[in-house]
A.B. asks: 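Shown below is the structure under consideration.
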Amino acid sequence: MDSVLVAGATGYLGRRLVLELARRGYRVRAAVRSRTRAEQPGPFGSPSLRGSVAEWREGAITDPAFVTGLCRGVSRVVSALGVTRQKASPWDVDFLANLSILGDAEREDVRSFLYVNVMHASSGTSLILRSKAAFAAVLERSSVVHQVVNPSGYFSDVGEFLDMARRGVVVLPPDPDISVAPIHGEDLARFCVEKLRDTSGSWDVGGPDVLSYRKIAELAFAALSRRPRTITMPAGLLDGAVWVASRLGERPRDLATFFAEGLTRDAVGERYGTHRLADHFAELAHRS
Ligand SMILES: NC(=O)c1ccc[n+]([C@@H]2O[C@H](COP(=O)([O-])OP(=O)(O)OC[C@H]3O[C@@H](n4cnc5c(N)ncnc54)[C@H](OP(=O)(O)O)[C@@H]3O)[C@@H](O)[C@H]2O)c1
C-alpha cells in the first residue's frame, strides 16, 4: 500500500485530500498543527479527519527541525499547504515551508510530490502568488517526480457571493462577464489523487460549470429566492481599494492585490467534477 504525507491536511482542500486518499486505500501521514483541531470539522463545511489518518505528525511546519525526517518511509507527498486566512507570511509557508518539505522528500527518495498551486500564479504580483509560483518553479526543476495542480477558485471562496446576496446586494467586479469555473473541494481532491503517478505533469483545472461573476450572483439570489440586485464596481474603485489597503500594511496590501488580480482575469482550465455551484448555494441557503 502506498503511503502519503499530506501537508496542509487541516484546510478546506487538505481534509478532502486526506479522505479521498484513505478511501482509495492509501496510508495517510498527516502533518498538522493540532490533532485535536484536525479531528473536529474544518473550514467551510470540510470534514473531520477522525478515522482517516494512519499516522499523525504534530508540529510547526515552518520549523526545519520538525520537517526533518517527515517524509521518511512515505512514498509520496501531497501538499495543499498555504496561507489563505492565516496570519503568517506566504513566503514563510507557501515557499519556505514547502521548500523544506521538498528538501526532505529528496533526501528520503520519495517517488512523487504533488503541489496544489493557484491558476495563473506565475503572472501574479501579490506575495501570495509570487511565493506559490516560486515554489512551483523549484519543484519543477527538482529531481523528484512532480505534479503541479493549478486550480481556479474554490466553492469556499465564491460562498462570499451568497453572503452578499443575503445582505441584499452583490458587488460585481469591474468586468462581471469574466469567466471562472469554481471547483468543490471534493472534486479537486479526486482530481489530485487521480494524478498521483510516477510521471511529472502540470494541470489547470476548474469545476464543471463555466460561469461569469454576473451569473454567480444570479445563482446566489436564486438560491435565496430573491430578485437579483447587483452593483458593478468601477475599475478605479478596485485600484482605490488596493491603495487604501496598502496604507494599512503589507499583509492587507498583499491580500487586496491578490483579490484584485484574481477578479480581473478568466480562470477556467480543464472542466472537472460533478458538484454544481447552484446546488451548493441551494444547500447553504437551506442550512441557514
Ligand atoms: N481557496 C481558493 O479559492 C484557492 C484557489 C486555488 C488555490 N488555492 C490554494 O490551495 C491551497 C489550499 O487552499 P485551502 O482553501 O484548502 O486553504 P486553507 O483551508 O487555508 O488550508 C491551508 C492549509 O495550510 C495550513 N497552514 C497555513 N498557514 C500555516 C502556518 N503558518 N503553519 C502551519 N500550517 C499552515 C493550514 O493549517 P491550519 O488549518 O492549522 O491553519 C491548512 O492546513 C492553498 O495553498 C491555496 O493557496 C486556494
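Whatever order the structure lists ligands and atoms in, that order sets their numbers, starting from 1.
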A.B. asks: Would you say Thr62 and ligand 1 have an N/O pair spaced under 3.5 Å apart?
C.D. replies: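 Checking ligand 1 against Thr62, no N or O pair falls under 3.5 Å apart.
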A.B. asks: Less than 3.5 Å between some nitrogen or oxygen of Ala88 and one of ligand 1, yes or no?
C.D. replies: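 For ligand 1, there is no N or O atom that lies under 3.5 Å from one belonging to Ala88.
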A.B. asks: Would you tell me whether Ser34 and Glu58 have side-chain atoms, one donor and one acceptor, within less than 3.5 Å of each other?
C.D. replies: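 Absent: no donor and acceptor within the cut-off.
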A.B. asks: Students should be able to answer this: which protein heavy-atom is nearest to atom 25 (C) of ligand 1, and at what distance?
C.D. replies: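 Answer for atom 25 (C) of ligand 1: Leu81 CD1, 3.6 Å.
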A.B. asks: Answer yes if the ring centres of Tyr115 and Phe95 are under 6.0 angstrom apart, and no otherwise.
C.D. replies: no
A.B. asks: If we check side chain to side chain contact (heavy atoms under 4.5 Å, CB included) with Val180, which of these qualifies: Val268, Ile216, Leu277?
C.D. replies: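 The residue from Val268, Ile216, Leu277 that satisfies side chain to side chain contact (heavy atoms under 4.5 Å, CB included) with Val180 turns out to be Ile216.
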A.B. asks: In the protein, what heavy atom is nearest to atom 41 (O) of ligand 1, and what distance, to one decimal place, separates them?
C.D. replies: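 In this structure, atom 41 (O) of ligand 1 has Arg33 NH2, 2.8 Å as its nearest protein heavy atom.
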A.B. asks: May I ask you to identify the nearest protein heavy atom to atom 19 (O) of ligand 1, giving residue, atom name and distance to one decimal place in Å?
C.D. replies: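 That would be Tyr12 N, 2.8 Å.
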A.B. asks: Which atoms from ligand 1 have a heavy atom of Lys132 less than 4.0 Å away?
C.D. replies: 44 (C), 45 (O), 46 (C), 47 (O)
A.B. asks: Is Val32 close enough to touch ligand 1? Criterion: a residue heavy atom under 4.0 Å from a ligand atom.
C.D. replies: no
A.B. asks: Does ligand 1 have a heavy atom under 4.0 Å from the side chain of Thr10, from its backbone, from both, or from neither?
C.D. replies: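 Both backbone and side chain.
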A.B. asks: Under 6.0 Å from the six-membered ring centre of Phe191 and within 45° of its axis: does the NZ or CZ of Lys195 meet both?
C.D. replies: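 Verdict for Phe191: a cation-pi partner in Lys195.
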A.B. asks: What do you reckon, are the aromatic ring centroids of His280 and Phe155 less than 6.0 Å apart?
C.D. replies: yes
A.B. asks: Need the ligand 1 atom indices (1-based, order shown) with element for anything under 4.0 Å from a heavy-atom of Leu13.
C.D. replies: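 It comes down to these atoms of ligand 1: 16 (O).
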A.B. asks: Looking at Arg197 and Ser112, would you say the former's side chain and the latter's main chain have a donor-acceptor pair under 3.5 Å?
C.D. replies: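 Checking the backbone N and O of Ser112 against the side chain of Arg197, no donor-acceptor pair under 3.5 Å is found.
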A.B. asks: Could you tell me the residue and atom name of the protein heavy atom closest to atom 12 (C) of ligand 1, and the distance to it rounded to 0.1 Å?
C.D. replies: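 Of the protein heavy atoms, Ala80 O, 3.5 Å lies nearest.
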A.B. asks: Pairs of nitrogen or oxygen atoms closer than 3.5 Å, one from Arg85 and one from ligand 1: do any exist?
C.D. replies: yes
A.B. asks: Can the ring centres of Phe161 and Tyr213 be said to be less than 6.0 Å apart?
C.D. replies: yes
A.B. asks: Identify, for atom 14 (P) of ligand 1, the protein heavy atom at the shortest distance, and state residue, atom and that distance.
C.D. replies: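 It is Tyr154 CE1, 3.9 Å.
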A.B. asks: With no hydrogens and no angle check, just 3.5 Å: does a side-chain donor-acceptor pair link Glu186 and His275?
C.D. replies: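 On atom types as modelled, these side chains qualify, holding a pair under 3.5 Å.
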A.B. asks: Polar-atom distance check: Ser152 versus ligand 1, any N or O pair below 3.5 Å?
C.D. replies: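 Such a contact does not occur with ligand 1.
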A.B. asks: Heavy-atom contacts with Val118 under 4.0 Å: which atoms of ligand 1 show up? List them by number with element.
C.D. replies: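 So the atoms of ligand 1 that pass are 6 (C), 7 (C), 8 (N), 47 (O).
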A.B. asks: For ligand 1, indicate whether the residue Val93 contacts it via side chain, backbone, both or neither (heavy-atom separation under 4.0 Å).
C.D. replies: side chain
A.B. asks: Would you mind checking if Glu20 and Arg190 are paired as a salt bridge, meaning a charged N to carboxylate O distance below 4.0 Å?
C.D. replies: no
A.B. asks: May I ask you to establish whether Arg15 and Tyr12 are in a cation-pi arrangement, using a distance under 6.0 Å from NZ or CZ to the six-membered ring centre and at most 45° from the ring axis?
C.D. replies: no
A.B. asks: Pull out every atom of ligand 1 sitting under 4.0 Å from any heavy atom of Val116, numbered as shown with elements.
C.D. replies: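 Here the atoms of ligand 1 in question are 10 (O).
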A.B. asks: Identify the protein heavy atom lying closest to atom 20 (O) of ligand 1, giving its residue, its atom name and the separation to 0.1 Å.
C.D. replies: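 Protein heavy atom with the smallest distance to atom 20 (O) of ligand 1: Thr84 OG1, 2.4 Å.
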A.B. asks: Nearest protein heavy atom to atom 22 (C) of ligand 1, by residue and atom, and its distance?
C.D. replies: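 Going by distance alone, atom 22 (C) of ligand 1 is nearest to Gly82 O, 3.3 Å.
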A.B. asks: Could you tell me whether the side chain of Arg76 reaches within less than 4.5 Å of the side chain of Asp2, counting heavy atoms only?
C.D. replies: yes
A.B. asks: How would you list, by chain and number, every residue that makes a side chain to side chain contact (heavy atoms under 4.5 Å, CB included) with Ser123, sequence neighbours excluded?
C.D. replies: His120, Arg265
A.B. asks: Within a distance under 4.0 Å of any heavy atom of Gly153, pick out the atoms of ligand 1 and give their elements.
C.D. replies: 3 (O)
A.B. asks: So, does Ile61 sit close enough to ligand 1 that a heavy atom of it is under 4.0 Å from the ligand?
C.D. replies: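 Yes, Ile61 has heavy atoms under 4.0 Å from ligand 1.
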A.B. asks: Examine ligand 1 and decide if any of its atoms is less than 4.0 Å from a heavy atom belonging to Met119.
C.D. replies: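 Under 4.0 Å: no for Met119.
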A.B. asks: If you have a sec, work out which protein heavy atom is nearest atom 21 (O) of ligand 1 and how many Å separate them, to one decimal?
C.D. replies: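 Going by distance alone, atom 21 (O) of ligand 1 is nearest to Gly11 CA, 3.2 Å.
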A.B. asks: Using the ring-ring contact (aromatic ring centres under 6.0 Å, His included) rule, collect all pairs that involve residues 36-84, keeping only residues at least two apart or in two chains.
C.D. replies: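 Matches after skipping sequence neighbours: none remain.
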